[in-house]
Amino acid sequence: MELLLARLRAAGFEAESVRVAPGGVVASAGLARLRDGSQVFAKTLRTAASDLFEIEAAGLRALRELGGVTTPEVLAVTPDLLVLEPLPPRRDDDERFWEELALALAGLHAATAGERFGWHRDGWLGRLRQDNTWDGDGHAWFAQRRILRWLPEPLVEAALDREERLALERLCAALPDLLPPAPPVLTHGDLWRENVLSGPAGGPALIDPAVSYSWAEADLSMLWCSPRPPAARRFFEVYAATASLPAGWQERMRFYHLRELLSSIAHDDNARECAEEVREIVAPF
């Protein structure tokens, strides 16, 4: 954490110590105690500087300003440092917390309907670029920018054979029959449980976005297809009732989740298990 301490001090923060945060695939992160007794949450890159933190900060602001979602205040951002307001952990044993998250997510999606899919700049998903090129055709955009985009990645090439890749392409061609048309809305883009915390007032807050205008159900798929606490059992019921989800949404979650599975393979994150899930989804194609 010496590097993080040094960069905090160079940015004007009188940091005395840093408590390492768990996880952190892309960046070194921790809760820093300042000389006046206050705390900040900070991240620094282990590798060469990029626009990753600038894009993350912009995504947090977009979720808050356009969609009314609670996100941590950005205190400082440079190519190699991101400093945020510290937030408490999420409340996994509180059913009301997860119901509030469902209402907040439904509100975000309802308030931000747009006309095109994408974003005004490319972003990041983990260590790899997220292609956000604008497109008015959601099915073509999702196929090219969220699924097929991963096929050239070396680890994906190694994990899927020719027939499996062709089946994935056939599935993408069939997306108009598999996924109902829906407007593009501002999405968090990486909405699994570890990117949900508590806000200053106790309600849910979101961190680590990979924003774009996409389908609302794509956001839901991240939570649906990853482990979640028992207290979250009414999350989907509350969201579905608030947002009037079209029938059959549960069966569609796996198709949206292909993007996350392929990304995980490309990042060598549970790659073998994710490749097997991809094979199961594309088997009918």
Side-chain angles (χ1 to χ4, degrees), residues 1-61 63-64 69-94 96-98 100-101 104 123-128 188-211 222-223 226-232 263-264 267-270:
M1 288 289 105
E2 289 303 315
L3 179 61
L4 185 54
L5 271 174
R7 287 179 171 167
L8 277 165
R9 290 166 181 166
F13 293 88
E14 296 182 328
E16 294 186 336
S17 63
V18 175
R19 187 170 77 244
V20 178
V25 174
V26 178
S28 298
L31 192 65
R33 179 171 293 279
L34 307 185
R35 183 175 299 174
D36 64 4
S38 63
Q39 294 181 321
V40 296
F41 183 82
K43 299 181 181 182
T44 192
L45 293 172
R46 303 187 185 111
T47 56
S50 72
D51 59 358
L52 186 149
F53 289 150
E54 177 193 349
I55 288 173
E56 181 177 340
L60 291 170
R61 284 193 294 269
L63 290 171
R64 181 173 61 252
V69 175
T70 300
T71 62
E73 181 184 354
V74 177
L75 304 177
V77 58
T78 72
D80 56 19
L81 182 69
L82 179 64
V83 185
L84 302 172
E85 167 193 18
L87 297 178
R90 68 184 179 278
R91 306 198 305 274
D92 278 352
D93 59 349
D94 186 344
R96 181 57 189 164
F97 175 87
W98 290 93
E100 290 175 3
L101 176 62
W124 294 88
L125 187 63
R127 300 185 302 273
L128 298 171
H188 177 280
D190 194 12
L191 192 64
W192 69 304
R193 71 182 189 283
E194 294 305 318
N195 287 341
V196 180
L197 297 177
S198 290
L206 302 183
I207 61 169
D208 291 350
V211 301
M222 287 288 293
L223 284 171
S226 62
R228 53 193 183 273
S263 167
S264 294
H267 284 90
D268 199 18
D269 181 12
N270 294 321

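Worth knowing before you read on, the calculation uses all heavy atoms, side chains too, and leaves out hydrogens, waters and symmetry mates.
L8 approaches A32 most closely through the heavy-atom pair CD1-CB, 3.6 Å. Across every non-hydrogen atom of L206 and P72, the tightest pair is O-CD, 3.4 Å. Among all heavy-atom pairs drawn from L5 and S17, the shortest one is CD2-N, 3.9 Å. Closest heavy-atom contact between L45 and P79: CD1-O, 3.6 Å. Here the shortest heavy-atom pairing between P200 and L87 reads CD-CD2, 3.8 Å. The two residues W98 and P229 come nearest to each other via the heavy atoms CZ2-CG, 3.5 Å.
Between V196 and R193 the shortest side-chain heavy-atom distance does not fall below 4.5 Å. Side-chain contact between S28 and L3 is absent, with no heavy atoms from C-beta onward closer than 4.5 Å. A 4.5 Å side-chain heavy-atom check between L75 and F41 finds every atom pair outside the cut-off. Contact annotation: the side chain of E14 never approaches that of D36 to less than 4.5 Å [non-hydrogen atoms, C-beta and beyond]. Looking at heavy atoms from C-beta onward, L34 lies in side-chain contact with F13 at the 4.5 angstrom threshold. For the pair L128 and S263, the minimum side-chain heavy-atom distance is 4.5 Å or more. Counting heavy atoms from C-beta on, the side chains of I207 and L84 never come closer than 4.5 Å. With a 4.5 Å cut-off on side-chain heavy atoms, R90 and D92 count as touching.
For the atom pair OG1 of T44 and CG of L4, the computed distance is 6.0 Å after rounding to the nearest 0.5 Å. Rounding to the nearest 0.5 Å gives a distance of 7.0 Å between CG of D190 and CG of D208. With rounding to the nearest 0.5 angstrom, the CG atom of L82 is 6.0 Å from the NZ atom of K43. Between the CZ atom of R64 and the CD atom of E73 there is a distance of 7.0 Å, given to the nearest 0.5 Å. Taking CG of D80 as the reference point, atom CZ of R7 lies at 4.0 Å (rounded to 0.5 Å). To the nearest 0.5 Å, atom CG of residue L101 and atom CG of residue D94 are 11.5 Å apart.
Distance alone, capped at 3.5 Å, is enough to place a donor-acceptor pair between the H267 side chain and the L125 backbone. Not a single donor-acceptor pair under 3.5 Å links the side chain of R35 to the backbone N or O of E16. The main-chain N or O of G203 is never found under 3.5 Å from a side-chain atom of S198 such that the two would form a donor-acceptor pair.
Here E85 pairs with nothing under the salt bridge (Lys or Arg N to Asp or Glu O under 4.0 Å) rule; sequence neighbours left out.
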